[in-house]
Amino acid sequence: MNYIVLDLEWNQAANKKNRYAKILPFEIIEIGAVKLNDGFQIIDTFQEVIRPVVYPKIHHISREVTGFTSADLQQGGHFPEVLKRFLTWCSSSEYRFCTWGPLDLTELQRNMNYYKIPLFPSPLFFYDIQEVFSIINGESANRRSLEYAVEFYEIEKKKDFHRALSDAYYTALIMAAMGAEKILPNDTVDTYQQPAGPDDEIYMRYDTHSRYISRTFPSRHEVMENSEVLSTRCCICDRRLRKKLRWFSDNSKNYYCLAFCKNHGYQSGKIHIKKNDKERYYAIKELTMTDSEGAAALYEKRVDYTKKHRTKRRQKASAAK
DNA sequence: GGAACACCGCCTATTTGTAG
DNA sequence: CTACAAATAGGCGGTGTTCC
């Protein structure tokens with residue numbers, strides 16, 4: 001198995017109401033990648049600049065970040081051809097993608113879709129090294145910058161940041177510093193493509209949590225009526241769990257619940273409902289091991305909303321008098 | 001500047017529960 | 001049954017972080 005550490009640079013519309021902004025918010029202008037063997041040793045590199053055709057003028061922020069000028073980009077290749085060379089380069093043997101952050105494979109596929117190029121086989125599993133960094137440092141909600149992680153592992157800053165090949169290279173060195181045993185159990189999946197039907201839905205199990213990606217539905221309401229979406233299975237033994245707190249909304253995009261496994265204890269559930277490019281809705285459900293304190297926090301969260309509403313109503317009522 | 005994410009709060013409409 | 005309160009659902013905006 002090879003690992004393709006991928007990094008993209010992209011550009012966007014310089015003027016606000018460009019008619020392509022909806023279907024292609026970001027146009028890829030550089031592909032950089034490092035190929036690693038099983039031992040996370042660098043065995044090859046890939047780097048090509050792409051000439052933008054949708055947004056030929058570089059946005060001032062993209063310019064500042066990457067250093068590219070519009071003239072530089074004119075020297076680049078046409079996306080479909082560069083991509084073809086890239087994918088040929090990738091496929092010298094079986095491989096998995098690795099990226100810093102969750103966006104690259106989504107934007108890559110959005111660009112492929114724009115050119116009607118067949119997408120990757122779905123589901124597309126990959127390693128989000130930025131997420132792995134958060135997990136192994138016990139700060140799962142935090143997203144650290146690449147430079148932060150480079151400093152954390154005391155990696156020498158030999159090259160500038162924010163160029164595709166150098167960022168891929170830094171990400172590869174971070175992976176080597178982390179080691180395979182920390183990274184390999186923590187793969188994730190890109191959701192630019194959602195499961196087509198019930199048989200394609202995605203179930204992933206980890207040490208202390210699990211993740212499920214549903215197929216799409218016409219409305220968020222229908223997502224939250226589906227029994228598979230609502231079910232809670234133990235992230236360790238997969239047993240169907242009884243809920244201590246049934247799914248409740250936090251008045252935002254998330255739902256929460258509390259379930260209990262008689263062998264593995266409390267698990268907090270979270271459903272995030274997302275909308276895709278075609279205005280269809282799907283669920284990302286996560287079950288995470290927790291303790292009685294975590295359970296208490298969820299109970300707290302649950303009653304907090306009703307409490308707030310109550311006081312709000314009282315205030316409103318007294319203000320009306 | 002645009003997108004994604006997490007977290008927070010405010011506002012409204014509808015459904016559900018309860019007292020008279 | 002009505003009338004009101006409570007609970008629920010969902011939209012929207014703001015903050016602060018990352019990516020480019």
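Chain naming here is simple, since letters A, B, ... match the order of the sequence lines and numbering starts at 1 in each.
Note on A/Arg63: every side-chain N or O is 4.0 Å or more away from OP1 and OP2 of C/dC20. In this structure, A/Tyr256 does not reach the C/dT8 phosphate: none of its side-chain N or O atoms is under 4.0 Å from OP1 or OP2. Regarding contacts with the backbone of C/dT8, a side-chain N or O of A/Arg246 is found under 4.0 angstrom from either OP1 or OP2. Of the side-chain N and O atoms in A/His162, one or more sit less than 4.0 angstrom from OP1 or OP2 of C/dC20. At C/dC19, one or more side-chain N or O atoms of A/Trp100 fall inside 4.0 Å of OP1 or OP2 (strictly under the cut-off). Residue A/Lys270 places at least one side-chain N or O closer than 4.0 Å to OP1 or OP2 of B/dA6.
Residue contacts for A/Gln130: at a heavy-atom cut-off of 4.0 Å it reaches the sugar-phosphate backbone alone, with no base atom in range. Nucleic acid contact class of A/Arg163 (heavy atoms, under 4.0 Å, all strands): none. Counting any heavy atom pair closer than 4.0 Å across all strands shown, A/Leu146 reaches sugar-phosphate atoms only and no base atom. Heavy atoms of A/Asp167 sit under 4.0 angstrom from primed sugar atoms or phosphate atoms, though from no base atom.
Below 30°, between 30° and 60°, or above 60°: for A/Phe152 and A/Tyr148 the angle between ring planes is below 30°, a parallel geometry. Between A/Phe79 and A/Tyr115, the ring planes lie parallel to each other; the angle is under 30°, not in the 30° to 60° tilted range.
Aromatic pair A/Tyr255/A/Phe248: ring centres not closer than 6.0 Å. In summary, the aromatic rings of A/Tyr282 and A/Phe217 are positioned with their centroids too far apart to meet the 6.0 Å limit.
In this structure, CG of A/Leu105 is placed 15 Å from P of B/dA4, rounded to the nearest angstrom. Atom CG of A/Asn142 and atom P of C/dT18 are 9 Å apart (whole Å). In this structure, the CD1 atom of A/Ile273 is 7 Å from the P atom of C/dG10, given to the nearest Å. As a whole-Å value, the separation of A/Glu131 CD from B/dA4 P is 17 Å. Distance CG (A/Asp128) to P (B/dC5): 11 Å, rounded to an integer number of Å. At whole-Å resolution of the value, CG in A/Leu8 and P in C/dC19 are 14 Å apart. What separates CG of A/Leu24 from C1' of C/dC20 is a distance of 13 Å, to the nearest Å. Between the P atom of C/dC19 and the CG atom of A/Asp190 lies a distance of 18 Å, rounded to the nearest Å.
The pair A/Arg215-A/Asp200 fails the salt-bridge criterion, with no side-chain N (NZ, NE, NH1 or NH2) lying under 4.0 Å from an Asp/Glu carboxylate O. Between A/Glu48 and A/Arg85 a salt bridge is recorded (basic side-chain N to carboxylate O distance below 4.0 Å).
Residue A/Arg220 places its side chain closer to C/dG10 than to any other of C/dC20, B/dA4, C/dG10. Listed candidates were C/dC20, C/dG11, C/dC19. Nearest to the side chain of A/Val65 is C/dC20. Listed nucleotides B/dA4, B/dA6, B/dG2 differ in distance to A/His272; the shortest reach to its side chain belongs to B/dA6. With B/dC5, C/dT18, C/dC20 as the choices, the nucleotide that has an atom nearest any side-chain atom of A/Ile61 turns out to be C/dC20.
Checking A/His221 against A/Trp10, the closest nucleotide of DNA chain C that is more toward the 5' end is the one next to A/His221.
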